[in-house]
Amino acid sequence: MPSFMEPFRIKAIESIPFPSPDERREALTTAGYNLFRVPARKITIDLLTDSGTAAMSADQWAALMTGDESYAGARSFDRFQSVVQDLTGFPEVLPTHQGRAAERILLGNLLGLGDISVSNTHFDSTRASVEAAGAEAVDLPVPSYEGVQNPFGGDIDLDALAELLDGQSGPRIRCVVLTVTNNANGGQPVSLLNIAGARKLCDTHGIPLFLDASRFAENAYLITEREVGYADSTPRAVARTMFDLADGCWASLKKDGLANIGGLIALRDAELAGRCADQVIAFEGFPTYGGLAGRDLEVLAQGLIEVTDPDYLRYRAESARWFGEQLGLAGLPVLQPTGCHAVYVDAGVLLEHIPPQQFPATAFANELYLAGGVRVCELGTLVFGRPGQDGAPDTPAPRELVRFALPRRVYTASHLEYVVDVAELVRSKAEQLRGYRLVRQGGAMRQFTAVLEQA
Ligand SMILES: Cc1ncc(COP(=O)(O)O)c(C=O)c1O
């Protein structure tokens with residue numbers, strides 16, 4: 001039995017579909033063996049992403065009705081702004097319709113041709129924004145060692161950062177970005193010690209430090225659990241210390257905003273904020289709504305208050321830990337320690353007989369769907385491999401991970417028990433699974449549109 005329970009009761013429900021095995025096989029074949037292309041009505045448990053999939057609270061639904069839809073200077077913006085200022089301490093606040101719009105605008109203002117952005121790991125849309133500005137995205141995740149569990153596996157490698165800053169490329173570095181938690185690196189947290197270390201290096205070299213704060217509350221909670229000296233701090237106080245160490249942040253509010261849409265830029269520098277505001281106007285809308293409705297701003301303001309509730313965050317971390325333990329007991333190779341927003345399984349270990357170029361993570365994910373209508377996300381060679389040029393084989397991703405993302409406040413422990421049963425079934429016939437080959441792939445982010453066939 002789990003040693004936690006959902007700290008809420010259910011007030012509105014949504015039925016979930018139970019397509020038959022034949023319907024699932026047909027849906028997957030029609031989708032070109034790509035789970036992104038399977039219609040949601042054919043999915044029983046959807047763990048594809050934690051982004052934009054949260055369930056709202058009664059207070060958020062109530063706040064939604066108070067939305068002020070005025071084009072300029074809406075009351076809902078005032079509320080959103082004051083909640084964000086109170087949380088982050090950043091005076092300049094710009095809403096955007098989602099995280100990648102915020103990244104595109106802020107990074108587009110900071111970076112130009114030949115510049116460098118350094119990060120613990122740029123998320124894929126962040127990397128796309130860096131590259132769209134003609135700059136280079138350099139990832140310096142802290143090294144991981146086989147069999148060694150790092151409580152702060154999301155950290156940036158400070159030695160490597162110091163070396164880069166002092167080296168030949170140093171003058172080209174325009175910003176350091178810490179993604180908290182580090183989504184592309186197992187959803188692991190970044191410690192306050194590490195953020196402070198990055199701050200010091202940035203100060204020495206006169207470079208700004210930004211947070212990609214999409215999961216700031218989960219990062220803050222994991223600090224209270226894992227970092228010496230913070231066990232008695234509230235997640236909100238820790239979050240504020242994280243923001244105090246930075247010059248600004250952007251966030252996809254589809255995660256820790258506890259909402260289905262939204263993003264933000266928050267900054268100390270009024271001049272930089274002014275330049276960003278010009279682009280918010282050009283691409284998102286007037287800076288007091290930034291591509292969102294007034295009701296969205298109300299929902300987000302309420303979500304940003306609720307998300308630092310220690311009971312909610314404890315449940316979030318405990319449910320991921322329990323789910324990871326259960327998958328481990330069912331014989332799945334689970335990445336440890338678990339974070340909050342997802343549990344990662346190493347399909348490369350499970351399906352050793354499938355070479356990376358035949359996408360073992362896709363094979364595992366597809367079989368979970370066929371076996372029980374469970375949708376997860378492949379984060380292996382299809383996503384992080386480098387496509388081979390002129391018929392050459394792909395350069396494999398470092399690991400063949402499959403992410404079981406946990407939408408916020410949506411699924412209960414019994415839903416996750418069902419997923420464990422399905423995963424165990426797939427594990428029991430792992431050696432029979434076959435890989436895939438690509439029939440068609442798009443450009444960047446090929447995973448969204450790729451069409452595959454069985455190898
Ligand atoms: C760390 C991180 N940054 C940025 C983004 C992009 O945000 P959005 O999907 O709202 O555009 C994501 C989305 O998953 C993310 O996880």
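Indexing begins at 1, ligand by ligand and atom by atom, following the structure's order. Everything numeric here is computed off the predicted structure, so don't read it as measured data.
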Side chains of Cys377 and Leu48: does their closest heavy-atom pair fall under 4.5 Å? yes

Test of understanding: with side chain to side chain donor-acceptor pair (under 3.5 Å), list the residues that count as partners of Gln279, not counting sequence neighbours.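 In terms of side chain to side chain donor-acceptor pair (under 3.5 Å), with neighbours along the sequence ignored, Gln279 is linked to Asn109.
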
Hey, is CZ on Arg386 packed in by over 12 heavy atoms from elsewhere, all under 6.0 Å? no

Determine whether Arg215 and Asp256 satisfy the following criterion, salt bridge (charged side-chain N to carboxylate O under 4.0 Å, His left out), listing intermediate values before the conclusion. CA-CA 5 Å; Arg215 297 178 181 82; Asp256 277 353; over 6 Å; no

Is any NZ, NE, NH1 or NH2 atom of the basic residue among Glu69 and Arg295 found under 4.0 Å from an Asp or Glu carboxylate oxygen of the other? yes

For a ring-ring contact (aromatic ring centres under 6.0 Å, His included) check, start with the C-alpha distance between Phe8 and Tyr312, then their side-chain angles and the critical distance, and finish with the verdict. CA-CA 9 Å; Phe8 48 81; Tyr312 159 73; 8.0 Å; no

Let me know which protein residues bring a heavy atom to under 4.0 Å of ligand 1; chain then number is fine for ordering. Gln98, Gly99, Arg100, Glu103, Phe123, Ser125, Thr179, Asn183, Asp212, Ser214, Arg215, Ser252, Lys254, Lys255

